[in-house]
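See below for the structure under consideration.
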Amino acid sequence: MSTEDKPVPASSAAAPRSLAEALRGRDDASLAALLRSRPDLITPVPTDLTQLATRAGTRASVVRALERLDRFALQTAEALAVASDPATYEELLGLMAGDEGDPAVAAALPHALGTLREQALVWGGDDRLRLVRTARELLSPSPQHPSPTGLGPTVQEATTGMSPGRIQEILAAAGLPSTHDSVSAVAALTELFTDRRRMAALLAGAPAESLQVLERLVWGPPYGQVTADPAPRLRWLLDRGLLLPTAPGTVVLPREVALHLRGGRAHRTPEPVPPPVETAAAHRPQVVDAAAAAQAYTALATVEELLKDWDEGGPSVLRAGGLSVRDLKRTAVALDVPEPVAAFWVELAYAAGLIASDGEADERYAATPAYDEWRERPAAERWARLATAWLTATRVSGLVGGRDAKDRALSALGPGLDRSAAPEVRHRVLALLAGLPAGAAPVPESVLARLHWERPLRGGQNSRGGQNGRGGQNTGGDTGDDLRTRIARWTLSETELLGITGRGALSAHGRALIGAPAPPEPEAEPEGPGDKLPVHHRPAPPLTPLPPAEQAAASAAAARLLAPQLPEPLDHVLLQADLTAVAPGPLQRPLADMLGVLADVESKGGATVYRFTPGSVRRALDAGQTAADLHAFLAAHSRTPVPQPLTYLIDDVARRHGQLRVGAASAYVRCDDDAMLNEILADRRAAGLGLRRLAPTVLAAQTDPAALLEGLRAMGFAPAAESAEGDVLISRAHAYRTPPRSAPEPVPEGPPVPDDTLLTAAIRAIRAGDRASTTPRKQIAPDGSGSGGSGGLPRTTAAETLAAMQAAVLTGEALWIGYVNAEGAASQRVIAPIRVEGGFVTAYDHTADEVRTYPLHRITGVAELAEDD
């Protein structure tokens with residue numbers, strides 16, 4: 001490593017003695033970076049830097065911080081855990097790069113060490129690097145929890161409890177002179193094992209079988225089993241301390257020996273550089289945007305179809321919450337998609353606040369009032385709302401059908417689907433796609449490898465910390481080690497369903513959705529989907545999702561980019577002689593709604609095919625349309641002449657429609673044509689209706705009007721329902737809506753990242769509290785003389801407190817006080833009294849940096865500040 005590449009060592013003259021002192025030496029920008037990267041430290045705001053340091057060293061906080069490290073920063077922390085305490089930068093570099101050195105490791109190590117320092121996991125200068133105690137405990141090796149490096153204990157740790165005579169025997173076998181005590185003997189053995197030349201000479205005389213034993217243990221695990229009478233190859237190693245006993249029948253390879261065999265390297269494969277996201281195929285950006293826009297419109301149509309299917313009230317809510325398996329299957333059939341995809345659309349509509357449970361006694365799902373407002377928005381804005389809801393939701397539809405921790409089935413819309421890591425994974429997957437050239441589709445496995453490098457511990461393999469250190473992440477029966485991988489795989493497929501990507505590549509509106517900058521230009525024009533392109537690297541968007549305000553702006557920008565790509569709704573169809581109508585594109589809403597009543601959808605795709613049947617025409621007549629209305633409608637919206645068979649179909653159904661009238665007595669049938677009533681009475685299929693003639697034109701029934709209508713229609717008639725006044729009842733679908741419902745709130749993954757305003761106020765309060773706690777002071781004795789020392793809160797009598805306050809008003813000096821607020825919380829403050837009257841003291845509070853008034857009876861005591869040196 002050249003002189004220019006070497007980090008500048010911190011001055012050892014002012015070396016901090018603790019993490020609190022190290023934090024005290026930071027500027028406000030550095031403290032803000034710490035609190036931003038570890039937001040749990042600011043909840044609640046620490047009273048001073050000592051409390052901040054204490055909180056930064058707690059197990060839960062350290063586990064969260066370790067989980068947010070990338071692979072190389074984590075490897076650096078793991079190396080420090082097996083280094084001496086404190087360690088030098090040169091020792092750390094040797095552990096990371098090995099004896100032969102590695103330019104890539106040497107170049108990346110300063111940044112990794114800076115990350116650890118920024119997050120308060122490492123403190124001290126480059127000549128005295130210290131890993132915080134909790135992190136060392138989590139990452140250092142022990143028999144119960146092997147180190148991620150595969151290294152075992154040191155010679156000193158492994159020989160603890162070994163008899164002095166046995167240690168002297170090892171020295172003799174290794175060719176070392178005997179010593180007078182075990183401490184010097186262990187030091188001599190350690191010196192031998194860390195001397196590359198002498199160790200090479202020692203191993204040169206080892207039997208080949210013994211070297212094979214060392215090769216099996218060198219990269220871990222370092223522990224092995226031996227019998228009471230070891231084989232000669234093991235005996236040779238045990239005699240020289242190359243293997244040391246840790247328990248009966250168990251031996252370990254000392255750390256110094258393993259490092260020699262590894263060439264000084266703590267990790268078999270250091271990973272200083274993140275794996276690149278490889279390009280699998282490339283397309284023209286215009287093709288990608290068009291494909292994504294077409295799928296975006298399909299996504300809108302699918303959600304509308306789902307909500308239309310549930311318009312009169314959807315499926316019932318299970319007792320435990322969620323959809324039943326049967327209802328999910330029915331929804332999948334209605335949408336013509338597989339069940340996992342149907343679960344995705346249902347969860348998406350739920351996340352966007354378009355469906356919810358109605359909360360009634362017979363609870364069921366239905367559209368919310370927000371759905372009606374959403375339908376009236378432009379298509380691009382409707383898509384942006386769906387995409388934003390998906391991007392920020394913590395519910396994961398891919399878990400539907402799995403089992404939770406209690407082996408209960410996970411159902412769509414049910415509990416247990418929240419995974420707080422989902423928004424970050426989705427955002428990061430899109431950010432990695434945004435780092436490729438426009439039109440480039442990634443190799444999925446390379447995306448997964450990159451995510452695993454960036455968050456190696458987030459999957460659940462967090463050395464001794466446990467997956468649950470994040471609080472609720474590993475619920476739902478997940479095998480935590482692949483949760484992020486599974487979410488990333490689902491993300492890649494869900495972006496295609498939503499139209500964020502097209503042909504696997506990120507679209508222009510997809511980039512805008514995450515606030516990504518414009519893509520780099522490709523170096524060459526792609527020729528086909530199988531052509532490989534050079535991988536371009538550039539700064540990607542932020543790792544974490546955008547704040548709400550920025551996300552709203554990004555979503556609006558995405559909608560603006562998508563709007564020109566979406567097809568314009570058509571106002572016409574093409575009628576065909578086979579009683580079908582072809583819609584060559586999306587239809588305007590009034591046309592689509594009317595056509596949905598008049599005809600049945602036969603097929604979907606780029607063009608939708610509708611089929612006219614007697615039942616569909618009768619449905620339109622039941623909705624209040626006349627034959628003349630239907631003829632006029634078709635003539636106005638068809639680019640082709642209305643086929644004669646369709647005209648005959650409408651006229652024939654309309655001629656028979658309403659001849660029979662069904663009303664409520666229990667029920668009756670009325671018809672001016674008594675011959676038709678005779679035909680009904682003679683039909684065997686009418687036996688279950690309980691019909692009998694009351695008059696030449698009236699039949700009475702023993703069933704309700706709805707069942708009578710269905711029975712007569714099944715017999716081939718076209719009855720119409722009538723009111724008590726004899727008017728034809730128009731049957732229209734009743735749109736059922738839930739009471740106003742808000743979209744489900746995402747489950748946060750710990751405290752949110754504080755904004756700049758909160759950071760500024762918190763740092764100001766911490767600094768002020770630290771000044772109050774560290775300012776030199778002297779206790780006021782009862783006789784008025786000051787005595788050195790500080791202790792806890794100052795304690796003085798009421799008279800002494802009043803006298804000290806009055807004197808400070810005259811002299812303008814600052815005082816140190818103890819104060820108990822109305823809630824009983826005690827604190828210490830540095831104040832400069834301005835006025836004392838009426839049992840209150842008004843003073844400038846240096847801790848809060850403002851003028852405050854304190855009741856004298858709440859002041860525990862007062863002390864003078866010591867004079868500056």
Side-chain angles (χ1 to χ4, degrees), residues 285-309 335 337 341-342 344-355 367-368 370-393 395 397 423 426-427 429-430 433-434 490-516 545-546 548 550-570 585-589 592 604-606 608 743-744 746:
Q286 296 82 356
V287 173
V288 170
D289 292 345
Q295 186 56 41
Y297 202 93
T298 301
L300 293 177
T302 303
V303 172
E304 287 189 22
E305 185 177 357
L306 169 67
L307 272 297
K308 182 179 179 181
D309 187 52
L335 298 180
V337 296
V341 178
F344 167 73
W345 292 120
V346 170
E347 283 288 340
L348 178 64
Y350 177 63
L354 304 182
I355 59 175
T368 64
Y371 169 63
D372 299 310
E373 183 272 333
W374 177 77
R375 289 185 67 197
E376 300 303 320
R377 307 297 301 172
E381 294 184 18
R382 285 186 281 138
W383 176 87
R385 178 167 175 176
L386 293 179
T388 303
W390 168 81
L391 187 62
T392 58
R395 293 181 64 85
S397 64
R426 295 188 188 117
H427 185 277
V429 168
L430 296 182
L433 268 60
W490 293 326
T491 297
L492 290 172
S493 61
E494 290 166 359
T495 53
E496 282 288 313
L497 289 174
L498 268 173
I500 297 175
T501 59
R503 301 192 178 185
L506 190 63
S507 62
H509 52 272
R511 293 177 187 274
L513 183 66
I514 60 171
L546 299 174
E550 295 182 22
Q551 184 60 65
S555 300
R560 288 193 296 270
L561 289 175
L562 177 62
Q565 299 283 340
L566 294 175
E568 288 292 333
L570 303 177
L587 300 177
Q588 293 179 351
R589 188 171 304 282
K604 304 173 186 177
T608 304

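When reading the values below, keep in mind they use all heavy atoms of this one structure, side chains included, and skip hydrogens, waters and symmetry mates. We're numbering straight along the sequence, starting at 1. A quick note: this is a predicted structure, and the numbers were derived from the prediction, not measured.
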Polar side-chain atom of Trp383 near backbone of Ala563 as donor-acceptor pair, under 3.5 Å: no
Heavy-atom closest pair, residues Leu566 and Ala380: CD1-N, 3.7 Å
Side chain to side chain contact (heavy atoms under 4.5 Å, CB included) between Leu348 and Leu498, worked out: CA-CA 10 Å; Leu348 178 64; Leu498 268 173; 3.7 Å; yes
Contact summary for Pro567 and Pro586, nearest pair of heavy atoms: CG-CG, 3.7 Å
Side chain to side chain contact (heavy atoms under 4.5 Å, CB included) between Tyr350 and Arg395, worked out: CA-CA 10 Å; Tyr350 177 63; Arg395 293 181 64 85; 3.8 Å; yes
Spacing of OG1 belonging to Thr302 relative to CZ belonging to Phe344, to within rounding of 0.5 Å: 10.0 Å
Minimum-distance pair of heavy atoms, taken over all atoms of Leu570 and Gly585: CD1-N, 3.5 Å
Under 3.5 Å: donor-acceptor pair, side chain of Ser493, backbone of Trp490: yes
Straight-line distance of Leu433 CG to Leu492 CG, nearest 0.5 Å: 6.5 Å
Where Thr501 and Glu496 come nearest, the two heavy atoms and their spacing: OG1-OE2, 2.7 Å
Glu373 CD: over 12 foreign heavy atoms closer than 6.0 Å: yes
From CZ (Arg375) to CG (Leu307), nearest 0.5 Å: 8.5 Å
Check: Gly499 main-chain N/O paired with His509 side-chain donor or acceptor under 3.5 Å: yes
Partners meeting salt bridge (charged side-chain N to carboxylate O under 4.0 Å, His left out) with Glu304 (sequence neighbours left out): Arg382, Arg589
Arg385 side chain near Arg377 side chain, heavy-atom distance below 4.5 Å: no
Side-chain donor or acceptor of Ser507 paired with backbone N/O of Ile500 under 3.5 Å: yes
From Thr368 atom OG1 to Leu354 atom CG, the distance as rounded to the nearest 0.5 Å: 5.5 Å
Considering all heavy atoms, the nearest Pro423-Thr392 contact: CG-O, 3.6 Å
Beyond-backbone contact of Thr388 with Leu513, side-chain heavy atoms, under 4.5 angstrom: yes
Reported CG-to-CH2 distance for the pair Leu497 and Trp390, which is rounded to 0.5 angstrom: 10.0 Å
Pairwise distance CH2(Trp374) to CG(Leu300) - rounded to 0.5 angstrom: 5.5 Å
Residue pair Gln551 / Leu391: nearest heavy atoms and the distance that separates them: OE1-CD2, 3.6 Å
